[in-house]
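For reference, the structure is listed below as C-alpha cells.
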Amino acid sequence: MARRNLTRNTLRTALAALGVLIGVFAIASLGLFGNILALSASAELGGIGNQLIITPNEDAGVTGLDIRDVDAVTRAVGTDGTAVPLLTTSGLLSASGGQTFGQVYGADNPAALFTAREGTIPDRHRQGAIVGGDVAETLDLRIGSAIEVESSRYRVIAILESEELLTPVNPNSAVILPEAAFAQRSYDQIVVQAQSGESASVIAERVRTQLNSREERVSVFELSSILETIDEFFSLLNQFLLGIAGISLVVAGVSIFNVMLMSTTERRQEIGVLRAVGVQKGDVLRVLLAEAVLLGVIGGLFGALFAGLAAIGLVFIAPIGFDVVLVASNAVYLFGAFVFGVIVCLLSGLYPAYKAATLRPVEALRG
Amino acid sequence: MTQEQTQTHPVVEDNAPAIELQDVVKTYNTGGETIDALAGVDLAIEAGEFLAIVGPSGSGKSTLLNILGLLDVPTSGAVRIHDRDVTTLSERERTTARKESIGFVFQDFHLLPSLTATENVCVPTMFDTGRDATGRAEQLLTRVGLGDRLTHTPDELSGGQQQRVAIARALINEPTIVLADEPTGNLDQDTGHTILDEFRRVCDAGVSVIAVTHDEVVTTYADRTIELIDGVIHRG
C-alpha cells in the first residue's frame with residue numbers, strides 16, 4: 001500500500017528521496033573522507049611510532065654518547081627492539097657520475113633501520129657503503145660502483161629503498177659507512193627500533209631510569225608523541241566534517257519534512273475517505289509512516305551507495321590505497337549515515353502523518 | 001457466515017428504526033457567534049427506506065449527514081442505530097460503528113486513484129487482517145453492472161461508473177444504512193437515473209438509503225422526502 005502510494009506520485013517521491021539521498025550522502029561521504037584521511041595519515045606515519053631517538057643532553061654538558069651509554073641503552077632495550085648507535089656527519093660525496101653533498105652516518109648494525117632496494121644490508125656492517133636512493137640516482141651508482149666520501153673510496157654494497165615516509169633518520173640523500181670509517185668515537189644519537197608503539201614507550205621509560213638516574217644525561221624523544229598529536233588533530237577534523245554533514249542532514253530533514261507535509265496536505269481528501277469508511281486512525285498513521293520510512297530507506301540506501309562509490313573513486317584520484325578504504329570503520333560511517341537518514345525521515349514523517357490521521361473526517365472531506 | 005451476519009447486522013424483524021435521531025442540536029462557534037446548524041431534529045429511518053433530504057444551502061443538510069454518518073457528534077440529543085445509543089461512543093468506537101453499519105457515497109466519488117475498481121471496493125476492509133474481500137467486491141461490482149471493469153483504475157472509468165464503484169464500496173461491509181451526499185451532483189441526467197435505480201435496488205435489499213441533494217429527480221425515487229430549513233425539519 002505504502003509502496004503503491006509512493007509510485008503514484010513519482011516526481012514527489014523522487015524529490016523526497018533525493019533530499020534524503022543528499023543528506024545521507026553528505027554525512028556518509030564527509031565521515032568517510034575524514035576517516036580515510038586519518039587512516040592513510042597514520043599508515044604513512046605508522047612506522048615512526050615505533051622509534052625512539054636518544055640524544056646527549058647538551059644542557060647538562062654531555063656532548064656525545066660513549067660506549068657505556070650504548071651498552072646501557074642496549075640492555076634497556078633488551079629483546080623488545082634494536083638499538084642502532086649512529087655517528088653523524090656530512091660531507092662531499094663523489095663518483096664517476098658527479099658529486100653531491102650529503103649526510104654521512106656511521107653504523108655497524110643499520111639493518112634494523114633501513115631496507116635495501118638493491119643488494120643486501122649485512123647484519124654487521126664492516127666495509128663498503130650503503131647509499132640512499134637519491135644519492136644513487138644523482139651519482140648514477142650501482143652495486144659495486146665506487147663512491148668517494150671525503151676522499152676515501154668505498155664500494156657500494158647496497159642501495160636503499162626511497163623512503164617517502166616521515167622518519168627521523170632519512171636515508172634518501174645519505175651514505176651509511178661502517179663505524180670504523182669515522183675518527184670520532186662518541187655517538188651523536190641512538191635510534192631504537194622497537195617492535196611496537198607500546199614497547200617503544202616501555203623502553204623509553206627504562207632508558208630514562210637507567211641513564212638519567214644521577215643526572216639528565218640523555219634526552220629521549222618518543223616519536224609516538226607526535227603521532228598522538230596528529231591523531232588528535234585528525235579526530236578533530238573528522239568531528240568538524242561530521243558537523244558539516246550533520247548540518248546538511250538537518251537541511252535534508254527539513255526538506256523531507258516539507259515533502260511529507262505537502263504530500264499529506266494534498267491527500268487530505270483521500271485520508272478523509274479512509275477515515276469515513278471506517279479505517280482507524282492508527283492504520284492511517286501506519287500507512288503514512290511506512291511511506292516515510294520507505295522513502296528514508298530508498299534515499300538512504302542510494303546515499304550510502306554513492307558515498308561508498310565516491311570513497312572508492314577517491315583511490316583513483318588521490319594517493320591513497322584500497323587498504324584504507326576497505327576497512328570496517330568506514331562501513332560504520334556508511335551504516336550510521338543510513339540509519340540516521342531513516343530516523344530523520346521517520347521523525348519528519350511523524351508530525352504530518354499524525355496531523356493527517358487526527359484530522360476530523362468532515363474537515364478532511366471538505367478539502 | 002450466516003451467524004456472523006445475524007450478529008453484526010440483525011435482519012430487522014423488530015420495529016426498531018435503522019437509524020434514529022432524537023432532538024439533535026448542533027451548534028457551531030464561529031468568531032464568537034453561535035450558529036445553530038441543527039435546532040432539534042427528530043428523525044427515524046426504517047430499514048429499506050429511501051429518504052431524500054433537501055433544503056437550501058446553509059440549512060444544515062451537511063451537518064445532518066455528518067451526524068447520521070457518525071462523522072460528527074451532536075451538541076445535544078441522541079443518535080441511535082438499531083436502538084443502540086451511539087452518541088457517547090469514543091472516536092475509535094465510532095469509527096468501528098461506522099465501518100460496520102454505514103456506507104458512504106460522495107458527490108466527488110472519492111475513489112483512490114492508484115487502485116483498481118475491485119481494490120477500491122475493498123478499501124474499507126483493507127486493514128482487516130486475514131480477510132480477503134476480493135470475491136465479494138467482484139460480486140458487488142458485477143451487481144452494479146461493472147463486471148467487465150474490475151481491473152480498471154478510476155481514470156479509466158466514466159463518472160457514472162466511478163459512482164457505481166463507490167456504491168459497491170459503500171456496500172462491502174453489508175451496512176444497514178448508505179449515506180449519499182449529492183450522489184448525482186456531478187453526473188448528467190441519464191447517468192443520474194441509472195445511479196438512482198441502483199440505490200432503489202439497494203433499498204430493495206433491505207438497506208436504508210439517505211441522500212442529501214439539490215436534485216429534484218432524486219426525490220422522485222425516494223420513499224420519503226424531508227425538507228430542512230434553518231436546522232428544522234419541514235415534512236415534505
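Chain letters run A, B, ... following the sequence lines, proteins first and then strands; every chain starts at 1. A quick note: this is a predicted structure, and the numbers were derived from the prediction, not measured. Because only heavy atoms are used, hydrogens play no part in the values below, and waters and symmetry mates are left out as well, while side chains stay in.
With a 6.0 Å radius and a threshold of 12 heavy atoms from other residues, nucleotides or ligands, B:R136 has its CZ atom above the threshold. By the neighbour-count criterion of 12 heavy atoms within 6.0 Å, atom CZ of B:F199 is densely surrounded, having more than that number from other residues, nucleotides or ligands. With a 6.0 Å radius and a threshold of 12 heavy atoms from other residues, nucleotides or ligands, B:D230 has its CG atom at or below the threshold. Counting non-hydrogen atoms of neighbouring residues, nucleotides and ligands closer than 6.0 angstrom, the OH atom of A:Y351 reaches no more than 12 such neighbours. Annotation: A:F340, atom CZ; neighbour count of heavy atoms from other residues, nucleotides and ligands within 6.0 Å does not exceed 12.
For the pair A:G278 and B:R98, the tightest heavy-atom approach, listed with the atom from each and the gap, is N-NE, 4.4 Å. Minimum heavy-atom separation, A:A276 to B:F104: O-CE1, 3.3 Å. Of all non-hydrogen atoms in A:V277 and B:V123, the two that sit nearest each other are CG2-CG1, 4.2 Å.
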- Message: Before you tell me yes or no, could you show the steps for A:V287 and B:M126 under side chain to side chain contact (heavy atoms under 4.5 Å, CB included), namely the whole-Å CA-CA distance, both residues' side-chain angles and the distance that decides it to 0.1 Å?
- Response: CA-CA 11 Å; A:V287 168; B:M126 200 163 53; 5.7 Å; no

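Residues B:H110 and A:L274 fail the side-chain proximity criterion, which asks for heavy atoms closer than 4.5 Å. Side chains of B:T95 and A:K281 form no contact here, defined as non-hydrogen atoms less than 4.5 Å apart. In this structure, the side chains of B:R92 and A:Q280 come closer than 4.5 Å at one or more pairs of heavy atoms.
For A:R286, no part lies under 4.5 angstrom from a heavy atom of chain B. When heavy atoms are compared at a cutoff of 4.5 Å, B:R169 approaches chain A solely by way of its side chain, counted from C-beta outward.
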